[in-house]
Amino acid sequence: GLPPQGIEIIALLDRAKGFDTSAGDWTDARVYRVRPDRNATAIGSEILSEPGELNLGDAEVLGTFLGAAVKTFPARNHMLVLWDHGGGRESMANDHDAPGTPEGHDNLTLPELREGIEAGLKEAGLEKLDIVGFDMCLMAQLETAAELDDLADVMVASQAIEPGDGWPFNEILPALGKQTLGSRRIAQEIVRCYGRFYDERE
């Protein structure tokens, strides 16, 4: 679904131990520049960084990634999408192998999410994001919107439980490359694609 030009997708991925043995069975963190790829058993995208095991429940990690991605790949518009388990203001982006934590587990709280986004925007010299998206359950709460109100123009989230496959990015990505669509229309297209994708699977 990645358009041939017009957008860059930079992904910070930290795989869980024992979850998936494909693509080399690695379980630390990697930063990818997403490229078109039809191989289901390997990741063909460009590896930008292999920082080792990271705590993705740490606001500083989020801020460092966001700031570096925006500075390295400058653009007119910016969207941050977080994907993992969501639990509203109390918990999101759970990391079950989080270095430097007493119990080896961590997650972002809503204030920590704000802290990380603020730090990333400051590092990148941006005032705010165009869109912040939550590809996770239970995040469309008033508290979430209020916490991020001055950090993004538009928020896309679900108030309900999301299916495990999450957003259908192969259908969503073409909309991001359409320069005629503003943030609100792209957000609407994300919701439409999501609804259509899961309606067709029922």
Side-chain angles (χ1 to χ4, degrees), residues 8-35 43 45-73 78-124 126 128-129 131-141 143-145 147-148 151-152 155-158 161-167 169 172 190:
E8 291 281 0
I9 300 174
I10 311 303
L12 170 59
L13 183 63
D14 186 358
R15 299 207 316 183
K17 285 185 172 70
F19 181 74
D20 187 356
T21 59
S22 68
D25 195 22
W26 54 273
T27 60
D28 54 0
R30 295 183 179 182
V31 177
Y32 284 96
R33 180 183 180 211
V34 177
R35 310 312 306 152
I43 300 175
S45 291
E46 177 186 355
I47 298 175
L48 298 178
S49 176
E50 296 182 67
E53 189 61 58
L54 295 176
N55 176 6
L56 268 66
D58 184 346
E60 185 176 349
V61 171
L62 172 60
T64 299
F65 167 71
L66 177 59
V70 172
K71 287 175 69 176
T72 305
F73 296 92
H78 303 88
M79 178 170 74
L80 172 67
V81 178
L82 295 108
W83 177 85
D84 194 5
H85 294 298
R89 64 185 178 87
E90 293 295 333
S91 172
M92 70 194 83
N94 298 274
D95 192 328
H96 296 283
D97 188 14
T101 59
E103 298 178 0
H105 175 270
D106 202 2
N107 59 262
L108 289 172
T109 62
L110 193 51
E112 288 172 335
L113 174 67
R114 179 182 178 85
E115 178 186 336
I117 293 176
E118 278 186 316
L121 291 175
K122 183 178 180 181
E123 174 65 21
L126 280 183
K128 60 169 53 177
L129 297 163
I131 301 173
V132 61
F134 295 95
D135 189 0
M136 50 179 66
C137 304
L138 308 173
M139 294 307 299
Q141 300 179 355
E143 294 91 343
T144 310
E147 191 74 60
L148 303 180
L151 300 182
M155 181 178 92
V156 182
S158 172
I161 302 295
E162 279 196 8
D165 287 347
W167 291 6
F169 283 99
I172 290 170
I190 292 170

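- By the 4.5 Å heavy-atom criterion applied to side chains, Thr144 and Met92 are not counted as neighbours.
- Salt bridge annotation for Arg89-Glu112: absent, with no cationic side-chain nitrogen under 4.0 angstrom from a carboxylate oxygen.
- Side-chain contact between Val132 and Leu151: absent, with no pair of heavy atoms (C-beta onward) separated by less than 4.5 Å.
- Residues Arg33 and Ser45 share a closest heavy-atom pair of O-CB, 3.3 Å.
- Val61 is listed as a side-chain neighbour of Leu12, based on a closest heavy-atom distance under 4.5 Å.
- Pairing each heavy atom of Leu56 with each of Leu108, the nearest pair is O-CG, 3.9 Å.
- In plain terms, the two heavy atoms of His78 and Val70 that are nearest each other are NE2-CG1, 3.6 Å.
- Rounded to the nearest 0.5 angstrom, Glu60 CD and Glu115 CD are separated by 8.5 Å.
- Within the 4.5 Å cutoff, no side-chain heavy atoms of Phe65 are placed close to those of Leu54.
- Counting heavy atoms from C-beta on, the side chains of Asn107 and Thr109 come closer than 4.5 Å.
- Formation of a donor-acceptor pair under 3.5 Å by the Ser158 side chain with backbone atoms of Cys137 is not found in this model.
- Minimum interatomic distance between Ala124 and Gly67 (heavy atoms only, all atoms of both residues): CB-O, 4.1 Å.
- When side chains are defined from C-beta on, Val81 counts as touching Trp167, because their heavy atoms get closer than 4.5 Å.
- The backbone N or O of Trp26 lies less than 3.5 Å from a partner atom in the side chain of Arg15, making a donor-acceptor pair.
- Between Thr27 and Asp97 there is no side-chain heavy-atom pair separated by less than 4.5 Å.
- Across Ala29 and Pro51, no two heavy atoms sit closer than the pair O-CD, 3.3 Å.
- Taken from CG in Leu121 to NZ in Lys128, the straight-line distance is 10.0 Å, to the nearest 0.5 Å.
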